[in-house]
There are 2 protein chains.
Amino acid sequence: MTTQDEAPAEAPADEHAGLWLTSGELDSWLSVVRLMTRLPWAIDTQLQRDADLSMVEYMTLAMLSEAPEWTLRMSTLAENTSTSLSRLSHLVKRLERRGHVRREADPADGRFTNAILLPAGMAKLESAAPAHVAYVRRLVVDNLSGERLRRLGQDAERILQRIDSPAR
Amino acid sequence: MTTQDEAPAEAPADEHAGLWLTSGELDSWLSVVRLMTRLPWAIDTQLQRDADLSMVEYMTLAMLSEAPEWTLRMSTLAENTSTSLSRLSHLVKRLERRGHVRREADPADGRFTNAILLPAGMAKLESAAPAHVAYVRRLVVDNLSGERLRRLGQDAERILQRIDSPAR
DNA sequence: AACTTTCACTTGAAGCATCAAGTCAGGCAG
DNA sequence: CTGCCTGACTTGATGCTTCAAGTGAAAGTT
């Protein structure tokens, strides 16, 4: 503080060790940012074009199709698709309007709401799946070696754990 | 087509080789999907809370701050932040209202619009950066080994290339 | 039994993204 | 120099997401 402390542009490299990112770290991070931006966009575009579904809608139908009785609680569905209950509620309302899904209060405990896949929704999912899977294969699964794909999944899980961990 | 073809639930495992995903592939893919969903959400939440900025807004300010004269064409900015020109136009209008940025037609060629970072925008960015970088370090950069981070960046680039490649 | 609380949603308003159409500058053809 | 044409945005409407507040069912409290 005795000497001047401006000169924001250039500074000794070690000055911000741990505060800023090194150039290599930054490159990797920016690649990840681009991936997070453009991969969802690419998949949404494909699904929208070929099946008039967004990725969350697809995931929602897919999760229901694998549940017993084609039925899941809204809260479970929200967890599994990583969305807020509010977003899911609006979204299911739209799927309901389109006849893909219906809702009913859980007969055993009226606080819960069950979302139930309808045959038309299953048909929609089945018609959308092949092109979607093919595209996911092309972009990701068949584009990386088995080893790298597995590690990518692991890295993702490791990051997700940190997101969920309480600190900060 | 001569025999019945329903029974959607169970089918021989090799039946859809290459059409569906194996259980390991599916696990990895679903991890990636969760990452794409929740990492942007986590970062947006942190930035919003600490600096009242979204990630795209942050990136926009950051790109401008590193450009000569704190100036970039809208189209360049759109490329660099992976957004559409339309979205960027709306976004920059909002940043303009807040006094972070201004726009002017390129004096040399009036078809281009330059976005220019204002001192207030730079100040905003500088106040937001430390907490943002710390969070990125915590979730990603310091959470993976140097080796794994580099590979993650490479995998991302590989996927991005496919997204950009014309076929399909 | 009345009450409070909690939990699991639902809703409406406001903000942001997307899509299609419009504008406007400069290059080019005649 | 007039009239297209292209490219680079900008705009307005529509739809989806988010945020804050509301509702209603069951469990616990007194």
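Chain letters run A, B, ... following the sequence lines, proteins first and then strands; every chain starts at 1. Everything numeric here is computed off the predicted structure, so don't read it as measured data.
- Nearest-nucleotide mapping onto DNA chain D: of Gly110(A) and Glu57(A), the residue sitting toward the 5' end is Glu57(A).
- Thr113(B) contributes no side-chain N or O that forms a donor-acceptor pair with the base of dT10(D) under 3.5 Å.
- Closest heavy-atom contact between Ala62(A) and Leu125(A): CA-CD2, 3.8 Å.
- What separates CG of Leu91(A) from P of dC9(C) is a distance of 15 Å, to the nearest Å.
- Note on Lys93(B) versus Glu96(B): no salt bridge recorded, every NZ/NE/NH1/NH2 to OD/OE distance being 4.0 Å or above.
- Arg98(A) places its CZ atom 12 Å from the C1' atom of dG15(D), with the value rounded to the nearest Å.
- The side chain of Ser84(A) lies closest to dT18(D) when the candidates are dG27(C), dT10(D), dT18(D).
- In this entry the distance linking CZ of Arg111(A) with C1' of dT10(C) reads 17 Å, nearest Å.
- Contacts of Arg94(B) with the nucleic acid, taken as non-hydrogen atoms under 4.0 Å apart, involve only primed sugar atoms and P, OP1 or OP2.
- Side-chain atoms of Ser75(A) stay outside donor-acceptor range of the base of dC7(C), with no qualifying N/O pair under 3.5 Å.
- Defined by atom type and a distance below 3.5 Å, a donor-acceptor pair is present between the side-chain atoms of Ser165(A) and Arg138(B).
- DNA chain C is contacted by both Phe112(A) and Trp41(A); Phe112(A) maps to the nucleotide lying nearer its 5′ end (nearest heavy atom per residue).
- Between the CG atom of Leu77(B) and the C1' atom of dC9(D) there is a distance of 13 Å, rounded to whole Å.
- As rounded to whole Å, 12 Å separates atom P of dT10(C) from atom CG of Asp106(A).
- Between Arg103(A) and the phosphate of dC9(C), there is no side-chain N or O to OP1/OP2 separation shorter than 4.0 Å.
- The side chain of Arg87(A) contributes an N or O atom lying less than 4.0 Å from OP1 or OP2 of dT17(D).
- Contact between Thr71(B) and Leu64(B) at its shortest, heavy atoms only, is C-CD2, 4.2 Å.
- Going from atom CG of Leu53(A) over to atom P of dC16(D) covers 12 Å, rounded to whole Å.
- Side-chain contact between Leu39(A) and Val140(A): present, with at least one pair of heavy atoms (C-beta onward) separated by less than 4.5 Å.
- Atom CG in Asp52(B) sits roughly 11 Å away from atom P in dC19(D) (whole-Å rounding).
- Side-chain atoms of His90(B) stay outside donor-acceptor range of the base of dG15(C), with no qualifying N/O pair under 3.5 Å.
- Put simply, the side chain of Ser86(A) and the base of dT11(C) share a donor and an acceptor less than 3.5 Å apart.
- Atoms NZ (Lys93(A)) and P (dT10(C)) sit 9 Å apart, rounded to a whole Å.
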